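Here is the structure we will look at.
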Amino acid sequence: MAEQAGNLTFGIIKPDAVRAGKTGAILQRITDAGFKLRALKLIHMTKPEAEGFYAVHRERPFFPDLTAFMSSAPCVVMALEKENAVKSWRDLMGATDPAKADEGTLRKEFATSIGENAVHGSDSEENAAAELAYFFSRLEFV
Ligand code: ATP
Ligand code: MG
């Protein structure tokens, strides 16, 4: 995996989108955009697991709501492969706040608010590697 690190990123289809029945539509958009799925599973995070994942945000005022939301229902975690994967995936997701997201982005189409915004994507190669390792073991990558 190490030699391909720059081509891999980590994504989540968040609980709002899974709950709304948008998992299939979002996966279709992801593969249509040229990403290859290298790992994929449905999980339901505990509150402590969500707090561990979003630990960088623990001092932010929205941290309790964010971690309650992320542990409220199942989500889909993914390893996505494409050239320039981190930026390509964030471009497809769009801005954090759906009101500011460009036309054609996933958050424009599927997010309902800044807190419940349908998808997550790593913001650097370093964080992608750490987030992939948080959710997946070696054996789960194809
Ligand atoms: P993500 O990390 O989920 O891909 P992001 O990198 O666009 O999103 P971050 O600044 O890392 O945005 O915020 C992480 C998540 O915290 C956001 O996706 C959103 O769900 C939530 N969040 C961020 N800012 C706010 C806010 N002002 N109010 C409520 N929730 C927020
Ligand atoms: Mg982020």
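These figures come from a predicted structure and were not determined experimentally. Counting starts at 1 for both ligands and their atoms, following the listed order. Side-chain atoms are counted along with the backbone in the values below, which use heavy atoms only and exclude waters and symmetry mates.
Side-chain N/O atoms of R90 and T9 include no donor and acceptor closer than 3.5 Å. Inspection of the D32 and Q28 side chains reveals an N or O donor paired with an N or O acceptor under 3.5 Å.
Within the 4.0 Å heavy-atom shell around ligand 1 one does not find E116. For the pair R107 and ligand 1, a heavy-atom separation below 4.0 Å is found. Within the structure, the closest approach of F69 to ligand 1 does not fall below 4.0 Å when heavy atoms are considered. Under a 4.0 angstrom heavy-atom cut-off, D123 registers as lying outside contact with ligand 1.
Proximity of H57 to ligand 1, defined as any heavy-atom pair under 4.0 Å, is confined to the side chain (atoms from C-beta onward).
Side-chain atoms of E51 and M70, non-hydrogen and from C-beta on, never get closer than 4.5 Å to each other. Under the 4.5 Å side-chain criterion, counting only non-hydrogen atoms from C-beta, L106 is in contact with R29.
Annotation: cation-pi pair K82/F35 present, NZ/CZ under 6.0 Å from the ring centroid and within 45° of its normal.
Nearest protein neighbour of atom 28 (N) of ligand 1, counting heavy atoms only, is I114 CG2, 3.7 Å. Scanning the protein heavy atoms around atom 26 (C) of ligand 1, the nearest turns out to be F62 CD2, 3.5 Å.
Listed by number with element, the atoms of ligand 1 under 4.0 angstrom from any heavy atom of K14 are 3 (O), 17 (C), 18 (O), 20 (O). Close contacts of ligand 1 with T96, meaning ligand atoms under 4.0 Å from a residue heavy atom, involve 5 (P), 7 (O), 12 (O), 17 (C), 18 (O). Of all the atoms in ligand 1, the ones that sit under 4.0 Å from a non-hydrogen atom of H120 are 1 (P), 2 (O), 3 (O), 4 (O). Each of the atoms 17 (C), 18 (O), 19 (C), 20 (O) of ligand 1 lies under 4.0 Å from some heavy atom of N117. Counting the atoms of ligand 1 from 1 in the order shown, those under 4.0 Å from a heavy atom of G121 are 4 (O).
For atom 6 (O) of ligand 1, the candidate residues are M70, R90, E131, R60; the nearest heavy-atom contact is made by R90.
Under the 3.5 Å distance criterion, the side-chain polar atoms of W89 are left unmatched by any main-chain donor or acceptor of D123. Of the possible donor and acceptor atoms, none in the side chain of T105 sits under 3.5 Å from a partner among the backbone N and O of A101. Using modelled atom types, one side-chain atom of R107 and one backbone atom of V119 make a donor-acceptor pair closer than 3.5 Å.
The aromatic ring centroids of F10 and F135 lie less than 6.0 Å from each other.
Geometrically, ligand 1 and G115 share a nitrogen or oxygen pair separated by less than 3.5 Å.
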